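Worksheet for the structure shown next.
Just so it is clear, the structure is predicted and the values come from calculations on it, not from any experiment. Each chain gets a letter, A, B and so on, in the order its sequence line appears, and its residues count up from 1.
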Amino acid sequence: MSNQNQQAVARYHNNFLREVEERVEDGDWVKMCMQCGVCAGSCPLGSAWEHTPQKIFMMIRAGKRDEVLKSDAMWMCTSCYNCIVRCPRKLPITHIMHGLANYAHRLDMAPKGQPTRVIAKLFWDNLVKTGRVNELKFSLAMYFKDGFVQGIKNAMAMQSAGLSLVKAKRLNPMEIIGGHKCKDSSGIKKMIARAREIEDRKKGFTS
Amino acid sequence: MTDSIATNQTILVVGGGIGGMTAALEAAECGKQVMLVERNASLGGRTALLYRYFPKMCHPTCGLEINLRRLKGNRNVRVMTMTEVLSVTGRRGNYSVTLKVAPRYVNENCTACGECAKAVEAEIDNAYEYGLAKTRAAYLPHAMAYPQRYVIDPSIVGTNDGEKAKAACKVGAVDLAMQEETVTINVGSVIWATGWKPYDAAKIQPYGYGRFANVITSLEFERLADPHGPTGGKLLRPSDGQVAKNIAFIQCAGSRDENHLRHCSRICCMASLKQTQYVREAHGDAGKSTVYYIDLRTIDRLEDFYQKVQQDATVTFVKSKVAKIVEDKDGNPVLHGVDTEGYHRYATPHDLVVLAVGMEPEANGIKLPDDMLLDSSGFIEGSKDEGMFGAGAATSPLDVNRAVQSATAAALRAIKVIHKTATVEG
Amino acid sequence: MADNKFAAYICSGCGIGDKIDIGTLEKIAKKEGKMAEVKVHPFLCSTEGVQLISDDIANEAVTHVCIAACSRRAKTEAFYFPTVAMSRANLREGVLWVVAEGDAHDEVRQEMADDYVRMACAEVKKMKLPEGNPNHGGNKRILVVGGGMSGMTSALEAADAGYDVVIVEKQALLGGWGAKLWKRVPFKAPYAEPQDTGVAELAAKVSSHPRIKVYVGSTVAETAGAPGRFNIKIAQDADIVEETVGAIVQATGFTSYDIAKLPELGGGQANVTDQAGLEALAIAANGAAIKRADGKVVESVVFVQCAGQRDDTGKHLPYCSGHCCATSIKQAMYFKDANPDINTVVMYQDLRVPGMGEDFYRSAQDKGVTFTKGRASGVESSGSGCRVSFRDLILDEDTSVEADLVVLATGQVPSAGVDLEAWNPVVMAADGGAEDAKQKKAEMQKISILNLNYRQGPDMPQFKHGFADSHFICFPYETRRTGIYAAGPVRRPMDMLQATEDATGAALKAIQAVENASLGRAAHPRSGDLSFPTARLEGCTQCKRCTVECPFGAIDEDERRFPKFNEERCRRCGTCMGACPVRVISFENYSVDTVGSQIKSVDMPDEFSEKPRILILACENDAYPALDMTGLSRTVYSAFVRVIPVRCLGSVNTIWITDALNAGYDGVMMMGCKKGDDYQCHFVKGSELAHYRMSKIGDTLTQLGLEPERVVTHEVAITDNTRVAQYINDYVAQINEIGMSPMKGFN
Amino acid sequence: MAKKNYAFYPGCSSQKGASASNFVTSIGMMCDKLDIQLNEIPDWNCCGASIGYGEGGELPRLALNARNLALAEKNLPGQDLVSGCPACWLSTRETAERLHQHSDLMAETNVALKEAGLSFKGGVKARHMVEVLIEDVGFAGMKAQVVKPLEGLKIAGYVGCQTNRPFGIAGESFENPMYLDKMIETVGAEAVSYDQKVTCCGGALAFSEPEKSQKQIRDIVESAYDNGAEMIVTPCQLCQANVEIYQSEINKKHGTKLAMPVMYYSQLMTVAYGGNSKQAGLDGNIIHSQKLRDIAAK
C-alpha cells in the first residue's frame, strides 16, 4: 500500500463515496446517478469495460474502494463524450472517469503497466518539459514503454506508418534534437507545480 | 355575441379533451353555466386517438360516448370548436376573454352525409392519425367526432375542389365565405384543461426518430393497433409494410431526462405494458415484446397489471436506458445498451421500436395569461388571483383516471369562485 | 291532463328519399302507426323542419313525436323537444347506410325502413313524458365521514362552495394520519424539501367554519334513506344524534399494514419500525437529531421499500401503495437535514416517484441519500442495530448493510368497512336461522363505517383489494351507491396531494348528487334522466329478484316484503325491469311494453319468403353506437335485422325474447358490453345478468321446439363497427342454414 | 472588406513537422479568401489534450489552458481564441466555462498563472475554426469563393467526437450533425450518408489500445466504402491521423485493402477555391486522392 493510499484510508474510514466526492474531479456528481445505464451502452469501447460507469458509481456508493481504484475500466475512456451528452442526469461522466483514473494513479492503485496509464504519464511528462508535446519523442517513448526489446518490435510494427508520416512531413526526425518548445517553459513548470500544490492542499493530500 | 352568451356566472373551460369535457359537465350538472372551447374541430382530445385504456383494455370512445350523451342532454354547456383563447384580462370573478374562432367552412346545416368528401379530390395529412394516413380535404375528424359536422380544410378554399364540395352539399352547409372571428366574452372563472402533447421524439437523437422509419412513438403505435387506424389494426411497420412481431418499447423517451423533460410522465410504463398486450392480441404466442426501462412505475392497483404482464412469456423486461439505435441492412432497428441488473451488453434487432414518449404540457405551445402559476415543466399550478385553475393533464402528467379526478376538483374550485361572486353581488 | 296527440315526421333528406319510398312510410305511419299527423320534410333538421315540429307541439297540441330520420345519436341539438315524448326511427344510419346499394336490394331496404317506422310509432304510443320523481328529498347538506386530510378537505371545499357540512371523526381530534406526520412530501414547485403538513391550520378552519358542524369522537351508527334525504344516526359516546343530509363523502382513510406480519424483515424487533413509527420519532425530535426508542441517536438508517407490498406470494399486499417511495425520501431528508453525515440508504426495487416526484428524488440524491436497487431478504439484530441482508440488483450480489434503525415502508390498508362479498353469504345463512351466522354477522357489522340499512349491506361495495374504488377509468367517482362518494386512501392507495385532489372532486360529486336529487333526476351515467322505475305491487310475487339484482342497492324490502324503491338511489338502468318475472316494473318512457310493442309491430314475412327476421337488442351505450358507426363507414350488413336499443342488457326481460320467437322471428341477437373482471357495463352487472338469464332460456326454446342457436349473445365494444357487421352477417347465414322459424304464422 | 481577426491557437499537432502540419498549410489560403486573419497566440502551450488527466489532475490542466487564454487576452485583446484542433478547442472551452462557473477555481488558477507572470480575467471566448466558418462566414460566404467545384466527388463527412460533443456546433445534433455535409456540398461535392459519422476513432487510445481503436477505425472506413464514398473528410486532427495512418496496419492484420483518403475540410475548400496541391497540403497525406489532385492541377 502506498503511503498516500494508507493516508486516504485512514482519512475516510470506509466512506468511499465521501472520499470520491472530496478528492476526485467532479466526484460530487456520483451520488446523482439513477442507474439508467445509458453511459454504459454509449461507450465506444464499452465491451472492454470491466465495470461500466454507472456500475462504478454504484460500487462507489457500496464502498467497493479497492475494486474501483484497481480497475482498469476508467482507463478505457476515449474521451468521446457520448456518455456526457446522453446522461439524463447531466453527470459529467467523462470527467468523473478521468478523475477516478487520475486518483487511482495518484494513489498508485491503478493497474501497473496499464497502457493508457503509462502513456498518459509519458504524455504529461513530455509536455511539462517544454510546454508543448514533441510527437516524435512521445512516440518513441511509447514504443519503449514496455522495455527495449518490445520497443524495437513496436517501432518496427509501426515502421511503415512512421515512414509515411516522415515522407508526408508530418513526423520530423530532427525533433529528436530539440524541436518545438515554449519560450517560457520554466514559467510553465512553476505554474503547473503551483497548481498541483494548491490542488493537493485542497484535497487533503499531505505529501 | 358577447354578454348574451356568458356572464360572470359562467365558467369558461379551455380544452375539450377528457379533462375539459369532465370539468365542463361536472360543473354543468351542478347547474352552472359553462362555455367549453376547443381548438380542434371536435371534442375528445388525445384520448379519442387511443386504441385502448389501461388497465381494463377498454376503449376510450366508450367513455366518450357517455360524456357526449351527457353533453347532448345538458343545455348548460355551450360548446365552441375551432376556438382558441387569445387573451384573458380582468380578475377573479370577472374575466374578459377574447376568443378566436377559425372558420370551419361548414355550418350547422351539415348532416354529416359525407357528399362533400366524395366530391373533393385533394388529400391532406390526417392529423387524427398523426400523419400516418391521408384524408380528403373535406373530412369528418373521426367516427365519434362531435360536433358531427364535416370540416373543409382551408387549403381548398378558393380552389376548384372547394367549389366542388360546395356544389355537392344538398343542404347548403358548405360556406366558403366564412371568416375567422374574434369574440370577447365575460366569465367568472377559467379552467385551463389544455392537456398535454407528446414530447418531440426527434429531439431524442440517439433513437433516430425521423431518421429510421421503424422507430415510432407510442401514440403512433396506438393508431397502428386501432382497427379504425391507418393499417386497420394490423401492426405493420412503416418502412416496408411488413408485419412487426418483435417489438421493443423504450421507456422514458424524453421523460426523467434533464436534456428533455425533467419530470416523470407517469403514464408511459402502464402505456407500454398495455401495448405489449396489443402485440399479444395481434400475434398470440408468436409476438415478442421487450420493455427497456429504468424503473417500472405502476403504482397502486396498476401493479396488478404489471404482475399479469410479467406472467406473459412473450414479454421481456430489460432494466436499461437504451443508449442508441442503429439500423441494419434490412431496416431493423438495432438497440444498443447495457442491462444494468448485473452487466449484460446487448445489441438487439427488433422489427419495430416504440418510443414511450413523455408528456409535455400542451400549454407550453400557447400563450397563457401572465397571472398563471406554472411549475418547472410548465404544468399549471393555478393563478395568482385564485380565479383560474388547471385541470387534467395540464396540471401534471396524469393518466385518464387521475385527469378526470383533477378536472372534477377543478370544477368545484371554479364553482366556488362563481358562488363567491354571486354572494358578493347578491 | 290533455289528450295524447301523436305525430310522425319523416325526413327525406340525406338521400333517404332517393332510396326509400317515402309515400309508403307515410302510409304506414298513418294506417298502422295510427299517427294523427304525418308530415314529410326534405331536410327535417333544418331550422324550418324543426320549426314545423315545434309549431305542431305549440299549436296542434302534439304530445308524442315520432321522428323518422337519422339515428337518435345524431342531430340532438335540432331534435330537442323536452316537453313531449319522442321516439326516433333510424332510417339513415340504420337502413340507408348499411343496406347494400343497388336495385336488387330495394325491396329489403324498403321493408327495413317500413319496419323501423312501425316500431318507432309503436314505441312512442307506449311512452309517457317523464316528469321526474315527485317523492324526492331536498336536503342539500353533506356528510363527511372521516376527519383526516381528505375528509377535512372535502368538508371545507363543500362548505366554501356554500353547502352545509356535517363531519364525523372517530378520534377525539381532527387530523387523521396527517396530524401524525412531522412534515409532508412537497406538493408544489420546486418539489425539493419536506413541507409543513398544514393539518393544524386546516383543522382550525374546519372547526371554525360557520357551515361545518364537527362531531369528533363519533361514528355513524346508521345511515338510512337516499340522496337528498339521508337520515344519519351519529353515535357520540353513549348518545345518538340524528342529522339529515343529502349526500355522503366517505373519507375514512387507511391503516398501516401491520409490521408484525413481517417478521422476516424484522417486524417486531426493537430497532425496526414502519414509516408511521419514524414520523413519531421525528416529531419527538422536533428538528433535532432523531433518536431511537432506546434513546440512541440514529447515525445510520435503512429504508426498506415495498415491505409487505407488491407481493406475489399471496401472503401480503399485492398492490403498491404509491406514496411510500416519496415518503421514505422525505424521511431520509429528516436525517440528512439534521446531520448530513448520517448514512441513509433507501433500498428499492423500482423507485416510484411519478410526475414532479422526480425532482424530489433528485433533491434527496443531492442531499446525499443513497439509493440502492436491491431486494431485502432479511433484517436481524446486529450489534446495537440491525443488519439488512439483500440482493444488490445492480452489483448482482448478495450482501448486507448495517444500520442503527430500519424503516419498513409498509402499505396502506383501506378502512372501507364491511366487504359485501363476504357479508352476503353470512346474511343469507343468518336469515336462514343459522346461529353462528347470526353471530358472525353481528361481528362483521362492528367494522362497518356507514351502517347503511340497505337491503344489500351496510357499506359500499369494495372493488379490488378492499378499496372502495370505482371500476371506471373515465368515471372515477362512479360508485355503486348513489350519493355516496369515497375519497382519499379508502378509495385507492394514494399520497396526500392526490388525496386532497380526490377529496375536492368527491365534494363536487356530493354537491351534484344533492342538486340532482332535489330535482328528482338521475345521477351519472344517465345524468338528468327524469324517468324512474315504478312497480305495480299488486302483481308482485315477492320473488326478490329486483332487490337482489339491483347493482346500486336502490331497492329495499318493505314491512310486507314488497320491493321498496328508493328512486334517488336509482341509476335508471332497468336491471330490475329485466329481472322481474311478472313484468310489473317499468319506466314512463322505457318499459316492457315500449320494447315489446316494437317487437310485435314488425311485419313478419311468411316461412317461404326466404326473408328471415332477426331481432337485435343492442346496449345503447356501446353496441348501438358501434352499429351507427358501421353506418357512418358505410359497412354493409344484412337487411333482415331489426335493431332496438336498450338501456342496458340487464334491462332485457326474457318476455321480449319469447315474444319475438312467438312472433316468428328467426333469431335474436343480444349485444352488450364486456363482462367479467374487466367489465365495461356501465351498470356493473347488466351484461353479466343478461348472459346468465339467456343461459336459462334454453328450456324455453326447447319447449317451443326451437334450436338453441336462435338466441345468441355477443360482447360488443364501441369500436367494433366492422366486427358487428360480421357478427350480423354470419348469424344471418347461420339462420339460413338452420332454416326459418317454425313459429311463423301462428300469431 | 475588413479582415476578421482571431487569436489563433494552432496546437501541438499543427506545428511544423507534426502530424497535422498540413492542416495549417491548408487553412492559409482558405482564410485569405474568406478574410480571416489568424494571429498566432505568442508562446502558446499544450492544452493537455484528452489524455492529460492521467497524470495532470484538474487544476494543472486548467492552468495550462488558462495560460493560453490569458496570453490571448493580454496580447490579442478583443479577439476570440480560435483553434483548428478539437482537443485544443475543447480543453480551452471547458476551462473557460469552468472558470466562469466556479469563482474558486478561477482564483486558484490565477494563483498558479501568477507563477508564469500572467492572469486571466475571463474575457476570452474559445471557438473552433469550423464555428468561425459557419457562424462568421456562413455557408453562402464559403460558397461564394468556390471556383473549382469538386463535382463528382463522393465524400463521407466524418465529424467524430470532440468537435461534436459535448459542445458541438450550435444548432446541430450530437447524433447526426449536418454541417460537415453542408460544407461538402458547399464546395460542390456530394456528401454520402453512412452510419459512422460520429463514431469515435479511439482517440488517444490509438496508442495504448491499438486493437480496440483499430476496430473503430475499420468500422468507420468500411462504412464509408459501403456507402460509396471515395474519401473521408473531417474537422479533427486526431481523427484524421488515426483514420488515415492505421489503415495500413489494419490491412496488414486483417488482409483488408483499405486505402481511403482522409482529408480536412480545409483541404477541400482550398482546392475548390483554386488552390494547388501544395497550398491544400495534399502532399501531407499518406493516402492520396487522385481525383482531388487532378482537380487541384486543373
Given that the side chain runs from C-beta out, which part of [X] has a heavy atom under 4.5 Å from chain C: side chain, backbone, both or neither?
| X | answer |
| --- | --- |
| B:D300 | both |
| B:L296 | both |
| B:F54 | backbone |
| B:L140 | side chain |
| B:C269 | neither |
| B:Q307 | side chain |
| B:T47 | neither |
| B:P55 | both |
| B:R149 | neither |
| B:P397 | side chain |
| B:E26 | both |
| B:Q148 | side chain |

* To do: Indicate yes or no: at least one non-hydrogen side-chain atom of B:I66 is less than 4.5 angstrom from one of C:C474.
  => no
* **Heavy-atom side-chain proximity of C:E515 to C:K140 below 4.5 angstrom** => yes
Counting only non-hydrogen atoms closer than 4.5 Å, does [X] touch chain B with its backbone (N, CA, C, O), its side chain (CB onward), both, or neither?
| X | result |
| --- | --- |
| C:D469 | side chain |
| C:Q498 | both |
| C:K464 | side chain |
| C:Q412 | neither |
| C:T722 | neither |
| C:D311 | backbone |
| C:R310 | both |

* Asked: Parallel, tilted or perpendicular: which describes the rings of C:F472 and C:H682, with under 30° parallel and over 60° perpendicular?
  -> parallel
* Relative to the ring of B:F317, is the ring of B:Y293 parallel (under 30°), tilted (30 to 60°) or perpendicular (over 60°)? -> perpendicular
Greatest number of heavy atom pairs closer than 4.5 Å to chain C - which of [options]:
| options | value |
| --- | --- |
| B:K170, B:M359, B:H228 | B:H228 |
| B:E108, B:R413, B:M57 | B:R413 |
| B:V400, B:I415, B:N109 | B:N109 |
| B:L261, B:L373, B:T111, B:L302 | B:T111 |
| B:D295, B:T22, B:I299 | B:D295 |

* Do B:E281 and B:R52 meet the salt-bridge criterion of a basic N to acidic O distance under 4.0 Å? -> yes
* Asked: Looking only at atom types and distance, does a side-chain atom of C:R362 sit under 3.5 Å from a main-chain N or O of B:R262, one as donor and one as acceptor?
  -> yes
Going by distance alone, is a donor N or O of one side chain under 3.5 Å from an acceptor N or O of the other, for [X] and [Y]?
| X | Y | value |
| --- | --- | --- |
| B:K274 | B:Q277 | no |
| B:S265 | B:R256 | no |
| C:Y624 | B:E65 | no |
| C:D622 | B:H59 | no |
| B:H344 | B:K319 | no |

* Which residues pass the side-chain contact (heavy atoms from CB on, under 4.5 Å) test with C:A486, sequence neighbours left out? -> C:M460, C:A468, C:V490, C:R491
* **Lys/Arg cation over aromatic B:F305: B:K56, 6.0 Å, 45° cone** => no
